[in-house]
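One structure is given here, and the rest of the page talks about it.
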Amino acid sequence: MFTFAATPVMYVGLFVLFAWCTLWSAVELIRSTTPQHRVSNALHLVMSVVMLAMVPRSTYAALSAVVPVGVQAGFFLLAALWFVALAVRTAGPGRGHFIGHALMFAAMTWHLVGMMVKMAQMAGHGMGEHAAPGMTGSVDVIAWVGLPFMAALAWMGCASLVAWVRPVAGRVPTVRRPRLPRCTLPTTTVPPWPPRQAATSRVRSVQPPNVPTTQWVRR
């Protein structure tokens, strides 16, 4: 939970990120074709909405007043178990896909449990009571438990980014010389050169018509 006055960059960045996640999850839910996909995408949509509500402090305070944080943590724990069941039922490369989704919801559950413990500690301080040693120790344990979740989520994010960039890089157009179509000339038969007889006949036809050759020469 943040405020724009205290951390404007983080506030805007997280708000845009979780708003995009919410929009993406809604589109995926609409495009779902099987009951399994509908349930999975609906769970992701709920998680995206809760994370978006966590950015403004006032919004999440209103949400927590309606749905307590403990109920939210229990819901996301059941969602993580849903994806664990899908991973157990799936063989091959698809199992890792569902394990990744189960880790996402387990991390969300861890985050909410940590918020519950932190809120209880802050409530004790607000009432003028000192934090019990057990309460402080539980906060430290929750913080250490979150390290594997953060590392797993960071690794999955980088792996997904590489898997998305690699096909795009393979589709970069390269400059190639255009392939021209083959030009085929029509086959024509060249007539032979006119014989000399034809040429001489043209010369003889120059004499006046209806006049014998001998008379034409005497004149």
Side-chain angles (χ1 to χ4, degrees), residues 1-2 10 13-55 59-60 63-64 67-119 137-173:
M1 293 176 286
F2 307 92
M10 186 176 295
L14 291 177
F15 190 86
V16 172
L17 177 62
F18 293 144
W20 169 254
C21 292
T22 303
L23 179 62
W24 181 271
S25 300
V27 172
E28 290 295 319
L29 179 59
I30 295 173
R31 295 171 57 185
S32 300
T33 56
T34 62
Q36 176 180 320
H37 289 166
R38 292 189 187 96
V39 173
S40 300
N41 291 324
L43 293 176
H44 275 287
L45 179 59
V46 173
M47 184 170 65
S48 299
V49 170
V50 173
M51 289 191 297
L52 180 61
M54 283 182 179
V55 179
T59 305
Y60 190 70
L63 177 63
S64 301
V67 182
V69 181
V71 176
Q72 299 176 28
F75 174 82
F76 289 113
L77 178 60
L78 293 177
L81 295 178
W82 162 265
F83 285 103
V84 169
L86 293 180
V88 172
R89 292 175 49 189
T90 306
R95 177 173 295 177
H97 173 77
F98 291 118
I99 291 175
H101 287 281
L103 286 175
M104 293 180 192
F105 283 90
M108 186 67 178
T109 305
W110 160 80
H111 180 65
L112 291 171
V113 171
M115 288 180 58
M116 289 175 57
V117 175
K118 189 67 175 178
M119 289 167 64
S138 60
V139 172
D140 295 337
V141 170
I142 291 174
W144 283 104
V145 169
L147 290 179
F149 285 120
M150 296 299 102
L153 292 177
W155 180 83
M156 288 189 298
C158 293
S160 300
L161 182 62
V162 171
W164 179 77
V165 170
R166 186 175 297 172
V168 174
R171 293 196 299 267
V172 173

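- Within 6.0 Å of CZ on R89 lie no more than 12 heavy atoms contributed by other residues, nucleotides or ligands.
- Rounded to the nearest 0.5 angstrom, E28 CD and C21 SG are separated by 12.0 Å.
- Between atom CH2 of residue W20 and atom CG of residue L52 there is a gap of 14.0 Å, rounded to the nearest 0.5 Å.
- F105 is linked by a side chain to side chain contact (heavy atoms under 4.5 Å, CB included) to L43, H44, M47, F76, A79, A80, F83, counting only residues two or more places apart in sequence or in another chain.
- With rounding to the nearest 0.5 Å, the separation of CZ in R38 from OG1 in T33 is 7.0 Å.
- Aromatic ring orientation, H101 versus H97: perpendicular (interplanar angle above 60°, classes split at 30° and 60°).
- Evaluation of the side chain to side chain donor-acceptor pair (under 3.5 Å) rule for W110 yields no partner, not counting sequence neighbours.
- Panel note: side chain S32, backbone L29; a donor-acceptor pair is recorded below 3.5 Å.
- Of all non-hydrogen atoms in S40 and L86, the two that sit nearest each other are OG-CD1, 3.9 Å.
- Side chains of M54 and L112 form a contact here, defined as non-hydrogen atoms less than 4.5 Å apart.
- Atom-to-atom distance recorded for H111:NE2 and Q72:CD is 10.0 Å, nearest 0.5 angstrom.
- Nearest approach of L77 to T109, heavy atoms of both residues: N-OG1, 3.2 Å.
- Rounding to the nearest 0.5 angstrom, the gap separating the CG atom in L45 from the CG atom in L23 is 10.0 Å.
- Annotation: side chain of Y60 is in contact with side chain of V69 (closest heavy-atom distance under 4.5 Å).
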